[in-house]
Amino acid sequence: MAKLPFSFYQHEDVNALAVGLLGKQLFTLVDGELTAGTIVETEAYKGVIDKASHAYGGRFTPRTKVMYSSGGLSYVYLCYGIHHLFNVVTAPQGTPHAVLIRGLEPLIGIDVMLRRRNMEVVRPNLTAGPGALAKAMGIDKLLNEKDLLGDEIWIEDTGLKFNEETIAAVPRVGVDYAEEHALLPWRYYIKGNPYVSKPNR
DNA sequence: TTCTCGATTGTCT
DNA sequence: GACAATCGAGAAA
């Protein structure tokens, strides 16, 4: 087991990176409690040319500035005033690409995840969906702008590989406002995995 | 300063 | 299947 190196996050091709993150393991150490899970669903957000991205058109604000940093940082933000969503910042400095983690298969600290989610038994909705998994992993805005090579939140390579035919590429969720970009198949997931989120609507 | 609305989820009908 | 919850970023003034 080894943390993904700095170089992993520097690729310009955010779509390839979103696929590459599938099967990797996301760890958090929050309040002394270790949790981890396998990434089974991601979405690519392609910087300034992507209408669904917060950095579309080169928008540079206090919130989005972390996306312009060199890859390998976390980008956590609050959505709908309720849910924290966790992104991996990618690409070299100046290119605001990011990958949203949407689905996670629990591995370590499942009891901790259940407590954080106020659940009794493990069901797929424990960590299926970006808001749900962030809560289960203890991710909130305090984990924004963290170095993914640090000891609070990081990603490890397990050597797990998937055949191309087990990876689905479909349009992203919840970005209808992005017009023609809403149709781009930049959502990736492991076919058949129960921890893949269900599109609402 | 004020106003609008969202990369969602859980609950109720 | 419809809808409320809830708050801060971003834009306009």
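The sequence lines fix the lettering, A, B, ..., with proteins before strands; numbering per chain opens at 1.
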Item to complete: For the pair A:E180 and A:K51, find out whether any cationic side-chain nitrogen is under 4.0 Å from an anionic carboxylate oxygen.
Response: yes

Worksheet, complete the sentence: Rounded to whole Å, the CG-C1' distance (A:L85 to B:dG6) equals 10 Å

Worksheet item: Within this structure, what is the CZ-to-P distance between A:R123 and B:dT9, rounded to whole angstrom?
Response: 14 Å

Please list, for nucleotides 10-13 of chain B, all pairs of protein and nucleotide N/O atoms separated by less than 3.5 Å.
residue	atom	partner	partner atom	Å
B:dG10	OP1	A:R117	NH1	2.7
B:dG10	OP1	A:R117	NH2	2.8

Discussion item. Please tell me whether A:V76 and A:L148 are part of a single hydrophobic cluster in this structure, the criterion being side-chain heavy atoms less than 4.5 Å apart.
Written reply: yes

Worksheet item: Who passes salt bridge (charged side-chain N to carboxylate O under 4.0 Å, His left out) against A:R115, sequence neighbours left out?
Response: A:E33

Item to complete: To the nearest Å, give me how far apart NE2 (A:H83) and C1' (B:dG6) are.
Response: 11 Å

Worksheet entry | Pairs meeting criterion ring-ring contact (aromatic ring centres under 6.0 Å, His included) with involvement of residues 136-165 of chain A, two or more places apart | A:F27-A:W154

Worksheet item: Hey, any chance A:I153 and A:L29 share a hydrophobic cluster, counting ILVMFWY side chains that come within less than 4.5 Å of each other, even indirectly?
Response: no

Worksheet item: Which ring-ring contact (aromatic ring centres under 6.0 Å, His included) pairs, counting each pair once, include a residue from residues 123-144 of chain A, with sequence neighbours left out?
Response: none

Between the protein and nucleotides 1-3 of chain B, are there any N/O to N/O pairs under 3.5 Å, and if so, what are the atom names and distances?
none

Worksheet entry | Short side-chain to backbone donor-acceptor contact, A:K3 and A:G150, under 3.5 Å | yes

Worksheet item: Which ring-ring contact (aromatic ring centres under 6.0 Å, His included) pairs, counting each pair once, include a residue from residues 96-144 of chain A, with sequence neighbours left out?
Response: none

Identify each donor-acceptor pair in which a side-chain atom of residues 12-24 of chain A lies under 3.5 Å from a protein atom, sequence neighbours left out, and give them as a table.
residue	atom	partner	partner atom	Å
A:D13	OD1	A:N15	N	3.1
A:D13	OD1	A:A16	N	3.1
A:N15	ND2	A:Y188	OH	3.1
A:K24	NZ	A:G20	O	2.8

Worksheet, complete the sentence: If one requires at least 3 consecutive Watson-Crick or G-U pairs with distances under 3.5 Å, the stems of DNA chain C turn out to be B:1-6 with C:7-12, B:8-12 with C:1-5

Discussion item. Counting only side-chain nitrogens and oxygens, does A:R102 get under 4.0 Å of the OP1 or OP2 atom of B:dT8?
Written reply: yes

Worksheet item: CG of A:L133 versus C1' of B:dA7: gap in Å, rounded?
Response: 12 Å

Worksheet item: Under the side-chain hydrogen bond (donor to acceptor under 3.5 Å, both in side chains) test, which residues partner A:Q10, sequence neighbours left out?
Response: none

Discussion item. Please encode protein proximity along nucleotides 7-13 of chain C as a string of B, S and -, counting only heavy-atom distances under 4.0 Å.
Written reply: B-SSS--

Discussion item. Tell me every residue that passes side-chain hydrogen bond (donor to acceptor under 3.5 Å, both in side chains) with A:N193, counting only those two or more places apart in sequence or in another chain.
Written reply: A:E105

Worksheet item: Rounded to whole angstrom units, what separation is found between the CG atom of A:L104 and the P atom of B:dT9?
Response: 13 Å

Worksheet item: Rounded to whole angstrom units, what separation is found between the NE2 atom of A:H84 and the C1' atom of B:dG6?
Response: 15 Å

Discussion item. Tell me the closest heavy-atom pair linking A:E145 and A:K65, and the distance in Å.
Written reply: OE2-NZ, 3.7 Å

Fill in: Salt bridge flag under 4.0 Å for residues A:R172 and A:E43
no

Worksheet entry | side-chain hydrogen bond (donor to acceptor under 3.5 Å, both in side chains) partners of A:T35, counting only residues at least two apart | A:T28

Response to the item:
A:K198 NZ to C:dG1 P, in whole Å, measures 14 Å

Practice prompt. Write down the distance separating the C1' atoms in C:dC3 and B:dC5, rounded off to the nearest Å.
Written response: 16 Å

